[in-house]
Amino acid sequence: MLSDQSDTPLLDLISVPADLREFTPVQLKQLADELRQETINTVSITGGHLGAGLGVVELTVALHYVFDTPRDRLIWDVSHQAYPHKILTGRRDRIRTLRQGGGLSGFTRRVESEFDPFGAAHSSTSISAGLGMAVARDLSGGANNVISVIGDGAMSAGMAYEAMNNAGSMDSRLIVVLNDNDMSIAPAVGAMSAYLSRLISSKGYRSLRKVAKEMAHHFPKSFEQAARRAEEYARGFVTGGTLFEEMGFYYIGPIDGHNIDHLLPVLRNVRDSKQSGPVLVHVVTQKGKGFESDRGAGEKYHSVAKFDVVTGTQNKSKPKAPSYTAVFADSLIAEAEKDDRIVAITAAMPSGTGLDKFAKRFPERCFDVGIAEQHGVTFAAGLASEGYRPFATIYSTFLQRAYDQIVHDVAIQSLPVRFAIDRAGLVGADGPTHHGSFDIAYLGCLPGFILMAAADEAELVHMVATAAAIDDRPSAFRYPRGEGEGVELPAVGVALEIGKGRIVREGTTVALLSYGGRLGECLKAAEELATHGLSTTVADARFAKPLDEDLVHGLAREHEVLITVEEGAIGGFATQVMTSLARGGLLDSGLKFRPLTIPDQFIDHDSPASQYAQAGLTVPGIAATALYALGREDEVVPARA
């Protein structure tokens with residue numbers, strides 16, 4: 001029996017979406033209120049994405065009410081807005097494990113639930129995936145619905161339009177819900193808009209439209225074309241849907257995405273339609289609705305730490321050192337003060353990359369291209385070709401989306417685009433979709449690239465200055481998420497000698513060669529190895545390309561064991577080192593070489609400390625690797641469970 005004290009009496013009745021289909025529309029409104037509060041309470045405990053999920057509460061309820069999920073496939077683009085969806089789909093009892101080790105993912109994930117037909121955490125994949133599912137359904141003779149929910153931000157990416165162009169040329173029935181919470185294409189929504197949306201989604205309107213089209217066939221072709229365009233543009237004038245109609249979609253909207261009474265009839269009409277081809281339903285919502293929306297809608301509440309539900313104050317620990325992102329931003333501003341050819345580019349992540357600070361200082365020299373990394377890279381190449389010095393500032397995991405442009409438009413033409421690669425390495429709660437695991441490997445194989453990795457925030461300052469000075473070829477420097485090591489920052493950045501590393505600590509038996517942010521762990525590992533009587537050299541490579549072969553070969557000749565340590569996948573820095581050693585014959589005479597990389601697996605969401613421990617890239621893993629190489633495995637301290 002339900003407790004009279006429950007704050008969520010209707011939500012308590014929901015185990016799976018089929019349960020809510022027993023509710024009345026009036027009850028659905030109360031359910032939405034309860035679901036919104038449950039989402040707020042959950043994120044206050046776990047942290048995570050807040051504004052996006054609060055904006056789609058009513059839409060989530062309506063979609064699961066009208067459609068027969070999971071038989072009907074419901075795909076959430078990016079899926080950072082899917083916490084309400086998870087609560088309604090049998091995961092409420094685990095929702096407070098969100099983004100924690102062993103708990104629920106912060107995004108949709110196929111292995112987690114049958115209600116997650118497609119996993120995502122990068123944007124603009126939903127229409128492509130949905131079209132694939134729709135075609136698969138048609139080929140197998142199925143009759144289920146496929147619904148892709150995509151936000152206005154994700155619609156700024158080229159992939160979404162590629163998918164729409166393809167879908168518009170096909171007869172496969174696909175439903176796209178455009179969740180518009182910031183677009184200028186949406187006129188005011190209200191009773192008239194809702195009425196028109198119900199009208200144009202209704203069977204009667206579609207039948208009349210079909211009759212009119214059939215009649216137009218009997219008139220001259222010019223008249224038929226004129227009549228068709230007049231009807232479409234009239235609908236476009238009223239509803240704003242001309243663009244989508246031109247791409248082959250039947251457009252419905254805009255409708256109020258927070259009004260259950262407006263959503264249900266339109267979604268039912270779309271569900272029951274036998275019309276072939278794609279349909280786009282345009283809903284207008286407000287980010288952060290229900291959490292003092294002036295706070296919840298802002299970028300500040302896009303992704304949050306744990307917070308106080310009453311005040312909204314986030315429980316962020318006081319940093320011991322400035323973040324790498326902040327140090328990068330300040331360093332780039334300092335370089336731009338000296339050189340008016342320096343420009344900065346971000347792909348819809350101004351605050352995440354620190355370029356919001358740069359934009360305040362140099363608004364005419366900072367460009368946010370939207371979720372369009374491919375365009376952003378080639379845009380930077382165009383700037384570089386005209387003598388400007390572009391810094392393409394993109395997370396490692398998002399830069400993957402522009403790989404052909406990096407190769408074709410930058411590397412082959414040897415254009416001096418500078419890639420500032422934030423979120424290098426393992427990033428914590430966002431998990432494998434956001435780990436910066438692969439950039440060392442995917443850039444390291446490109447001829448002519450200069451690759452750097454900052455061991456600490458002081459090194460980052462110098463690498464920004466180095467990249468600014470490189471004007472004859474492309475370069476990239478990577479740096480981790482979070483706060484720095486707490487080292488003293490230089491007053492000004494000084495360009496480093498290209499392709500030269502440094503010795504940080506000298507020893508005789510073991511050499512630890514670090515590339516990037518594990519240098520501090522290597523120094524601690526050297527102290528640990530000293531307790532075993534092992535004298536250890538620690539070196540900071542600084543560059544993966546061009547590699548400091550004098551440093552590498554010297555370490556190989558003068559030590560019994562050489563271990564490389566990097567925050568990247570197999571095929572990265574260690575491959576560069578091994579290739580150099582093999583070509584120099586230094587692997588032929590007894591050197592014990594061991595590469596430490598991120599393991600050849602996708603590491604699940606957890607704290608960064610736990611992830612690095614799992615990867616063997618902390619002191620115990622580094623020390624154990626040296627001891628095993630020397631045949632002293634009996635001295636290895638077992639890892640704690």
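The first residue of the sequence shown is numbered 1, and numbering continues consecutively from there.
- Glu38 and Arg96 are joined by a salt bridge, as a carboxylate oxygen and a charged side-chain nitrogen come within less than 4.0 angstrom of each other.
- Although no hydrogens or angles enter the test, the distance criterion places no donor-acceptor pair under 3.5 Å between the side chain of Thr325 and the main chain of Thr353.
- Pro265 and Asp261 get closest at one heavy-atom pair: CD-O, 3.0 Å.
- Residues Thr393 and Asp422 have side chains not in contact (no heavy-atom distance under 4.5 Å, counting atoms from C-beta outward).
- The main-chain N or O of Arg71 is never found under 3.5 Å from a side-chain atom of Asp68 such that the two would form a donor-acceptor pair.
- Considering every non-hydrogen atom in both Tyr324 and Pro480, the closest pair reads CB-O, 3.5 Å.
- Looking at Arg91 and Asp116, a side-chain N of the basic residue comes within less than 4.0 Å of a carboxylate O on the acidic one, giving a salt bridge.
- A 4.5 Å side-chain heavy-atom check between Val284 and Asp256 finds every atom pair outside the cut-off.
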Side chain to side chain contact (heavy atoms under 4.5 Å, CB included) evaluation trace for Phe358 with Thr346: CA-CA 11 Å; Phe358 187 93; Thr346 177; over 6 Å; no

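- Side-chain N/O atoms of Asn145 and Arg173 include a donor and acceptor closer than 3.5 Å.
- Atoms CZ and CD, from Arg73 and Glu114 in turn, are 9.0 Å apart once rounded to the nearest 0.5 Å.
- Taking each heavy atom of Ala154 and Ala160 in turn, the nearest pair found is O-CB, 3.9 Å.
- Side-chain N or O atoms of Arg99 include none that pairs as donor or acceptor with a backbone N or O of His49 at under 3.5 Å.
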Residues Arg92, Lys86; criterion side chain to side chain contact (heavy atoms under 4.5 Å, CB included); working and verdict: CA-CA 7 Å; Arg92 186 187 180 193; Lys86 292 196 176 203; over 6 Å; no

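- No side-chain N or O of Asp430 forms a donor-acceptor pair with one of His605 less than 3.5 Å apart.
- Side chain to side chain, Ser273 and Arg271 fail the donor-acceptor criterion of an N or O pair below 3.5 Å.
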Stepwise ring-ring contact (aromatic ring centres under 6.0 Å, His included) test for Phe244 and Tyr251: CA-CA 6 Å; Phe244 304 112; Tyr251 174 90; 5.8 Å; yes

Derivation and outcome, side-chain hydrogen bond (donor to acceptor under 3.5 Å, both in side chains), residues Ser610 and Ser607: CA-CA 5 Å; Ser610 296; Ser607 69; 2.9 Å; yes

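- Between the side chains of Ser396 and Asp439, at least one donor-acceptor pair of N or O atoms lies under 3.5 Å.
- Under the 4.5 Å side-chain criterion, counting only non-hydrogen atoms from C-beta, Ile603 is in contact with Leu426.
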Residues Phe23, Tyr65; criterion ring-ring contact (aromatic ring centres under 6.0 Å, His included); working and verdict: CA-CA 9 Å; Phe23 290 0; Tyr65 184 77; 8.3 Å; no

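- The main-chain N or O of Arg423 is never found under 3.5 Å from a side-chain atom of Arg478 such that the two would form a donor-acceptor pair.
- Nearest heavy atom pair, residue Glu34 against residue Leu11, reads OE1-N, 2.8 Å.
- Under a 4.0 Å N-O distance rule, the pair Arg109/Asp604 qualifies as a salt bridge.
- Between the side chains of His258 and Thr285, no donor N or O sits under 3.5 Å from an acceptor N or O.
- Side-chain contact between Ile333 and Lys357 is present, with at least one heavy-atom pair separated by less than 4.5 Å.
- Between Phe398 and His434, the two ring planes are perpendicular [angle over 60°; tilted spans 30° to 60°].
- Minimum interatomic distance between Ser126 and Val149 (heavy atoms only, all atoms of both residues): OG-O, 4.1 Å.
- For Pro84 against Val57, the heavy-atom pair with the smallest separation is CG-CG2, 4.1 Å.
- Between Leu20 and Leu31 the shortest side-chain heavy-atom distance falls below 4.5 Å.
- Between the side chain of Asp19 and the backbone N or O of Val16 there is at least one donor-acceptor pair closer than 3.5 Å.
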Audit row: His435, Thr397, side-chain hydrogen bond (donor to acceptor under 3.5 Å, both in side chains) steps and yes/no: CA-CA 6 Å; His435 291 325; Thr397 184; over 6 Å; no

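- Without hydrogens or angle criteria, Thr69 side chain to Asp72 main chain gives no donor-acceptor distance under 3.5 Å.
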Evaluation steps, side chain to side chain contact (heavy atoms under 4.5 Å, CB included), between Phe419 and Leu399: CA-CA 9 Å; Phe419 292 94; Leu399 190 59; 4.0 Å; yes

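- To the nearest 0.5 Å, atom NE2 of residue His85 and atom CZ of residue Phe115 are 8.0 Å apart.
- Side-chain atoms of Gln81 come within 3.5 Å of backbone atoms of Ser79 as a donor-acceptor pair (strictly under, hydrogens ignored).
- Using a 4.5 Å heavy-atom cutoff, the side chains of Leu10 and Asp12 are not in contact.
- The backbone N or O of Met155 lies less than 3.5 Å from a partner atom in the side chain of Tyr161, making a donor-acceptor pair.
- Between Arg36 and Glu58 there is a salt bridge, since a side-chain N of the basic residue sits under 4.0 Å from a carboxylate O of the acidic one.
- A heavy-atom distance below 4.5 Å is not found between the side chains of Glu373 and Gln400.
- For the pair Gln374 (side chain) and Ala402 (backbone), a donor-acceptor distance under 3.5 Å is absent.
- You'll find the side chain of Ile75 reaches within 4.5 Å of the side chain of Pro117, heavy atoms only.
- Remark: the backbone N or O of Thr433 is paired with a side-chain donor or acceptor of His122 at under 3.5 angstrom.
- Ring geometry for Phe602 against Phe438 counts as perpendicular: the plane angle is over 60°, on a 0 to 90° scale with 30° as the lower cut.
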Test log, rule side chain to side chain contact (heavy atoms under 4.5 Å, CB included), inputs Asp7 and Gln37: CA-CA 9 Å; Asp7 293 328; Gln37 195 57 49; over 6 Å; no

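- No hydrogens or angles considered: nothing links the side chains of Thr39 and Thr42 as a donor-acceptor pair under 3.5 Å.
- Each of Asp77, Leu74, Val177, Leu174 was compared with Ser148 under the side chain to side chain contact (heavy atoms under 4.5 Å, CB included) criterion, and only Leu174 meets it.
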